[in-house]
Protein chains: 2
Amino acid sequence: MDADSAPDNSDLTDRGGDTIADRIFDLLSEAIISGELAPATRIREPELAAQYGVSRAPLREALRRLEERQLITRTPRMSARVTVVTPRLIGEIYTIREALEGIAARQAAAHVTDADIAHLRGLLAAHQTQFAADNVDTYRMGRSDDDFHFYIIRCSRNQALIHILCDEYYNLIRLFRLQHRHVQGRAHRAFAEHQRLVDALADRDGELAEILMRRHVAAALKGILHTLSTSSASREEL
Amino acid sequence: MDADSAPDNSDLTDRGGDTIADRIFDLLSEAIISGELAPATRIREPELAAQYGVSRAPLREALRRLEERQLITRTPRMSARVTVVTPRLIGEIYTIREALEGIAARQAAAHVTDADIAHLRGLLAAHQTQFAADNVDTYRMGRSDDDFHFYIIRCSRNQALIHILCDEYYNLIRLFRLQHRHVQGRAHRAFAEHQRLVDALADRDGELAEILMRRHVAAALKGILHTLSTSSASREEL
DNA sequence: AACCCAAATATTGTCGACAACAATCTTGAC
DNA sequence: GTCAAGATTGTTGTCGACAATATTTGGGTT
């Protein structure tokens with residue numbers, strides 16, 4: 001919208017490797033979860049194609065994948081729109097998350113290496129220093145790789161679990177946080193919970209890790225619902 | 001392969017409504033989970049396009065969605081292949097299923113209507129007569145709508161759950177059953193378990209329904225692993 | 001002034017064609 | 001006879017164009 005003149009396809013054509021459709025998919029995913037493409041934004045294919053300097057064919061393939069992941073919503077002959085994540089959907093997802101990340105934590109306890117534990121402690125340390133510096137009460141959700149939850153999920157070595165949680169549903173959670181200016185004030189408690197979780201993993205205590213993770217997710221949802229009920233009352237209906 | 005001459009696009013062009021890409025997606029899904037397109041089959045786009053009498057553009061969009069649902073596996077510049085569901089993946093999926101269908105059963109107990117219960121009992125009756133008639137020991141998994149599990153999942157009224165289980169993962173389970181000639185001999189026990197499950201739902205006992213469903217799924221996995229270990233030993237390595 | 005209907009515009013869905021890359025076959029050398 | 005390198009075929013990825021449908025604009029009516 002603001003940059004319709006410069007077709008910055010440098011990133012697209014330069015980086016050799018996979019196809020344009022795949023790269024556009026990645027770029028659009030980023031654009032959506034970063035808020036560059038705001039929720040409910042109408043997506044006009046020629047506009048986007050021109051913006052990224054590509055044809056509509058690979059763009060449409062990317063859109064089809066985004067639709068499959070619920071990042072955009074399409075109706076047959078009308079323009080697609082960036083998905084608006086409703087509180088109801090977020091509740092459903094967190095219910096699923098609680099169960100699935102619990103399983104992931106349990107299985108992670110069975111598969112973590114000492115190097116994994118070291119890496120997780122490193123993430124915790126980084127978060128702690130970030131707290132001290134920023135003095136901001138938000139637990140910034142990392143960019144895929146450096147995210148705490150992502151790492152634990154991947155430690156489960158369960159491909160299906162990794163796919164559902166990391167690829168399909170975390171982006172929707174991010175999208176929801178984006179919409180609702182989610183300042184929870186739960187960061188310090190979450191940090192403590194993370195620490196205990198890593199301790200359980202270090203002990204290879206899968207049962208405890210599952211319980212802690214389930215509580216952690218449930219508490220996060222509770223926090224979300226709280227901020228939602230206090231802020232949305234003045235702003236909007238559910 | 002056997003029908004390269006007759007472009008049976010009658011189904012495609014006639015049925016008005018949604019787009020060709022959507023219809024091809026449905027047809028290909030059916031073709032894959034019915035075995036018409038056997039696992040590991042190489043998918044050549046021009047061939048399929050000619051077979052269905054359409055262009056490659058909508059076909060590729062459909063393929064992208066199939067890839068996203070793991071029904072086909074693609075590598076950037078090479079032909080796609082129908083996914084081969086490994087025993088490992090099936091184990092992962094059943095672990096997820098156990099948790100998620102358990103939740104679905106619990107939530108279904110909170111939302112089922114008397115009409116739903118009646119419909120479920122109708123399904124049970126139909127299955128019973130089918131047993132008596134066919135005298136075959138397989139619990140034929142229905143075509144989406146008339147399937148027992150599908151119906152319960154939908155009764156949960158949880159959109160995200162419905163999407164993951166019905167849209168994304170049940171097809172993979174079907175695909176696995178297709179590959180492994182899954183004759184479990186568990187049909188009668190499964191039928192009894194289904195009956196108790198409906199009873200629990202009729203009582204609106206969510207807690208019990210969840211437990212029963214979890215056991216039911218876990219038992220199914222156990223049966224699969226059993227047939228796998230006894231048959232694959234003589235046939236194939238895992 | 002508000003509302004409804006028709007022309008004009010814009011956008012989507014689909015198609016055929018071309019370039020780049022992978023797979024296969026042929027040919028030649030050892 | 002076998003292996004390797006080059007030519008050939010086949011397939012994918014991408015593009016621009018066209019028809020069908022949705023959206024917007026403008027005009028007319030109550």
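Here is the naming used below: chain letters follow the sequence lines, and residue numbers restart at 1 for every chain.
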Enquirer: Go through D:dT14, C:dC15, C:dT11 for me and flag the one nearest to the A:Ala21 side chain.
Expert: D:dT14

Enquirer: Can you confirm whether the side chains of A:Arg97 and A:Tyr170 place a donor and an acceptor under 3.5 Å from each other?
Expert: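 Their side chains do contain a donor-acceptor pair, which is all the 3.5 Å distance test asks for.
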
Enquirer: Less than 3.5 Å apart, any donor N or O on the side chain of A:Tyr151 or A:Arg154 sitting next to an acceptor on the other?
Expert: no

Enquirer: Whole angstroms only, please: what is the CD1-P distance between A:Ile43 and C:dT12?
Expert: 9 Å

Enquirer: For the side chain of B:Arg77, starting at C-beta, report the closest nucleotide among C:dG16, C:dA22, D:dT14.
Expert: C:dA22

Enquirer: For A:Arg44 and D:dA22, give me the distance from atom CZ to atom P, rounded to whole Å.
Expert: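 Atom-to-atom, A:Arg44 to D:dA22, this comes out as 18 Å.
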
Enquirer: Can you tell whether the side chains of A:Glu68 and A:Arg64 come within less than 4.0 Å, N to carboxylate O?
Expert: no

Enquirer: Between B:Met78 and A:Pro46, who's closer to the 5' end of DNA chain C by nearest nucleotide?
Expert: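 Looking at the nearest nucleotide for each, A:Pro46 comes out on the 5' side.
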
Enquirer: Does A:Asp22 or A:Ser79 map to a spot on DNA chain D nearer the 5' end, using the closest nucleotide for each?
Expert: A:Asp22

Enquirer: Rounded to whole angstroms, how far apart are CD on B:Glu61 and P on D:dT12?
Expert: 16 Å

Enquirer: Of A:Ala57 and B:Glu45, whose closest DNA chain D nucleotide lies nearer the 5' terminus?
Expert: B:Glu45

Enquirer: I'd like to know if A:Arg88 pairs up with A:Glu92 as an ion pair, taking the criterion as any Lys NZ or Arg NE/NH1/NH2 lying under 4.0 Å from an Asp or Glu carboxylate oxygen.
Expert: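 A salt bridge links A:Arg88 with A:Glu92.
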
Enquirer: Quickly work out the A:Tyr52 OH to D:dT14 P distance and round it to whole Å.
Expert: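 Nearest whole value for this atom pair: 16 Å.
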
Enquirer: Separation of B:Asp18 atom CG from C:dT14 atom C1', in whole Å?
Expert: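 So the two atoms are 15 Å apart, to the nearest Å.
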
Enquirer: Roughly, in whole Å, what's the span from CD in A:Glu47 to C1' in C:dA10?
Expert: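 Rounding to the nearest Å, CD of A:Glu47 and C1' of C:dA10 are 12 Å apart.
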
Enquirer: Are the charged groups of B:Arg77 and A:Asp22 less than 4.0 angstrom apart, N to O?
Expert: no

Enquirer: As a test of reading the structure: which of C:dG16, C:dT12, D:dC15 is closest to the side chain of A:Val54, going by heavy atoms?
Expert: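 For the A:Val54 side chain, the nearest candidate turns out to be D:dC15.
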
Enquirer: For DNA chain C, whose closest nucleotide is more 5', that of A:Arg42 or that of B:Arg56?
Expert: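 Of the two residues, A:Arg42 wins.
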
Enquirer: Out of C:dT11, D:dC15, D:dT12, which has the shortest distance to the side chain of A:Pro58?
Expert: D:dC15

Enquirer: When the distance from CD1 of A:Ile20 to C1' of C:dA19 is rounded to whole Å, what number comes out?
Expert: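 It works out to 12 Å between those atoms.
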
Enquirer: Send over the distance from B:Leu59 CG to D:dT14 P, rounded to a whole Å.
Expert: 15 Å

Enquirer: Closer than 4.0 Å, any side-chain N/O of A:Thr19 to the OP1 or OP2 of D:dT12?
Expert: no

